[in-house]
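These notes are about the structure you will find just below.
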Amino acid sequence: MLKINQLYKSFNNIEVLKGINAEFNSGETSLIIGQSGSGKTVLLKCLLDLHSYDEGDIFYGNKKLNELSENEKMKLKSKIGTVFQGSALFDSMNIEENVMLPLKMFTNYKNDEIEDRANFVLKRVNLINVNKKMPSEASGGMQKRVAIARAIVNNPEYLFCDEPNSGLDPKTAIIIDNLIKEITTEYNIITVINSHDMNSVMEIGDKIIFLKDGLKEWEGSKENIFKTDNNAVTDFVYSSNLYRKVRETFNK
Amino acid sequence: MRHLHNIGLYFIMINKMFHKPTKWSVMKQLILKDIEDLVINSLGIIAFVSFFIGGVITIQTALNMENPLLPNYLVGFATRQSIVLEFAPTIISIIMAGKVGSFITSSIGSMRVTEQIDALEVMGINPLNYLVFPKAVAMLVYPFIISISMFVGVLGGLIACIFGGYSSVDDFIAGVQMDFIPFHMAYSFIKTFIFAFILATIPSFHGYYMRGGALEVGKASTTSFVWTSVSIILINFILTQMLLS
C-alpha cells in the first residue's frame, strides 16, 4: 500500500500542494489528472523522493518516506520503477544496456542471466531485435516501451509514470496505456500515472484523482467521472470537443 | 553572494561524489569510457597544438636573440623551459577546458534536461558518483597527455630550428639537456594532477546543477569554460609561488 497523508509542498512561499490525501493499492492503476500547473508532477516527484515536502507523510507500506535511512531509501528505490515523460533513456547506452542497468547495479546475477532477463522484459513490451539500437534510433513509442521495460526489469512493487503517452499518436498511446495496465495486474504492482489525457482515464483508470491548484478536488472511478456534478472535473473532462459532442449526442 | 554559494555547493558536490559508490563492475566500464572520451580522443588536437606552439616558441626565441654573445644552445634551453614549465601543463589545460570541459558540461547538462539524472536518482544510484567520479578517475591519466605534449612541443621546436636555420641540431639538443632540474618535472606534474581534477569537476558542477533547457546547456558550457580557465590560472599562480619561489 502507498498512502499520502496531508501532503504540503511550496516553492518560494508559493503553495503547490495543499494537503493532499490519497491511497493507492496493489494491482490497481491510479491516475492523477489535472491541468498543467495543478501540482501533478510535484506530487509525483515527492513520491519519488526527488522533492522533499514541507508537511504531511508518505507511507510506503507502513514506513514513512522521510524517516527512512539512506540505505532503506536505496532499498526502497530498487523496488520502484519509473517511466518519465521524455522516457529518460541513457543516450550513451543501447536499448539492451539501458534495460540491463538496474540489474547490473542492484543484483548479483551473472551476465547471461542479466541478458536473459533483459530479453524477457523487452519481449514482454513487444520489442524484438532492437537490443543493439541506440535510443536516438528508436521511435517515440519504442522509447516509451524501453522505458517501461527498464522500469519493470527489477520486478518493482511500485510503478510511477509521468505522462507516459505524451507526444504519441492515439493508437500508440492506447497500446502503451494497455501495456501499463496489463503489467500492473500481471505483477500485482501499485501503479500511479500522471496524465491529462482523458483517453488514458477511459482505458486504464481504476482510480482517478483530480487535482486543481494543488488541492485534491475529486476522487473516483472512470465510471463515475462522467456522472459527477463537480464543476472543476466536468470543465476538465468536457474541455475536449470530442467528449463535448459525445455528451451532446447522449443528451439528445 | 551567489559565487560563495556556488563555491560551497561545489565542495558539497565533491563530498557527495564519494558517497554510495557504484558497483565496481559498472564503474570500471564508466572509467574506461571516460578515459577514451576525455583523454585518448584529445591526443590529436594536443599533439597538433603542441607541435606548432613548440615551433613558434623556438622561432620567437631565436629571433629575439640579437646579441651575438648569446650562445645558440639557448634556443633549445628556452624552448624546453617554456614548454615544460608553462605551456604543456597550463596552456594545454586551458585548451582542454574548452575541449573536454565543454564536452563534460554539455553531456551532463543534457542528461539533466532530459531527466536522465532524475532517472538515475530514482533507481537508487548516486548520480554524482556515477557521472563525476569516473571522470575524476579517468583524468588521472591526463599527465600522460601532458608528457606527450612536452615531447611533441620540443620536437616541433627542433624541427622549426632545423628548417629555419636558427641553430644546429647539436646546439638545440645541448640546450634542451642543459641545466636540467628534475624538480621542474615534478612541479609540472603536480600542477597537471591538480588541473586534471579541476578539469573533471568544475565542468561537471556546471552541467549537474544547471536548470532550464537546451539554451541553458550552451550557457552552462560557456560559464564552465570561463570558471575552469580562471581556476587553472589562479591555482597555477599559487602553486608556482609555493613550489618554485
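If you're wondering where the values come from, they're calculated on a predicted model, not measured in any experiment. The sequence lines fix the lettering, A, B, ..., with proteins before strands; numbering per chain opens at 1.
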Are B/Gln29 and A/Lys104 close enough, and set up right, to give a side chain to side chain contact (heavy atoms under 4.5 Å, CB included), and what steps lead you there? CA-CA 12 Å; B/Gln29 286 172 352; A/Lys104 281 186 177 173; 4.1 Å; yes
Using side chain to side chain contact (heavy atoms under 4.5 Å, CB included), reason through B/Met111 and A/Phe90 one step at a time and then give a plain yes or no. CA-CA 8 Å; B/Met111 288 185 77; A/Phe90 303 115; 4.0 Å; yes
Please assess A/Glu70 against B/Lys20 for the test side chain to side chain contact (heavy atoms under 4.5 Å, CB included), listing each intermediate value before the final yes or no. CA-CA 9 Å; A/Glu70 276 302 305; B/Lys20 281 205 279 178; 3.8 Å; yes
Side chain to side chain contact (heavy atoms under 4.5 Å, CB included) assessment of B/Met123 paired with A/Thr82: CA-CA 8 Å; B/Met123 278 182 201; A/Thr82 313; over 6 Å; no
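Heavy atoms of other residues, nucleotides or ligands lying less than 6.0 angstrom from NZ of B/Lys99 number more than 12. Residue A/Gln35 qualifies as open at atom CD: its count of foreign heavy atoms under 6.0 Å is 12 or below. Around atom CZ of A/Phe59, more than 12 heavy atoms belonging to other residues, nucleotides or ligands sit under 6.0 Å away. No more than 12 heavy atoms of other residues, nucleotides or ligands lie within 6.0 Å of CZ in B/Phe151, so this atom counts as exposed by the packing criterion. Remark: A/Asn108 CG is loosely packed, at most 12 non-hydrogen atoms of other residues, nucleotides or ligands lying under 6.0 Å away.
With values rounded to the nearest 0.5 angstrom, A/Asn111 atom CG is found 8.0 Å from B/Ser25 atom OG. Rounding to the nearest 0.5 Å places CG of A/Leu50 at 9.0 Å from CD of B/Glu115. Interatomic distance, CE of A/Met105 versus CG of B/Leu120, reported as 8.5 Å (0.5 Å rounding). Interatomic distance, A/Ser92 OG to B/Gln116 CD, rounded to the nearest 0.5 Å: 7.0 Å. Note: B/Asp118 CG to A/His51 NE2 = 8.5 Å, rounded to the nearest 0.5 Å.
Heavy atoms closer than 4.5 Å to chain A are found in both the backbone and the side chain of B/Val122. Neither the backbone nor the side chain of A/Lys75 comes within contact range of chain B; no heavy atom of the residue lies under 4.5 Å from a heavy atom of that chain. Looking at A/Met93, the atoms closer than 4.5 Å to chain B (heavy atoms on both sides) all sit in the side chain, from C-beta outward. Both the backbone and the side chain of A/Asp91 come within less than 4.5 Å of a heavy atom in chain B.
Each of A/Asp49, A/Leu89, A/Asp162 has some count of heavy-atom pairs under 4.5 Å with chain B, and the biggest count is that of A/Leu89. Contact count versus chain B (heavy atoms, under 4.5 Å) is highest, among A/Leu101, A/Val83, A/Leu76, for A/Leu101. The choice from B/Asn126, B/Ile125, B/Thr22 that makes the most heavy-atom pairs within less than 4.5 Å of chain A is B/Ile125.
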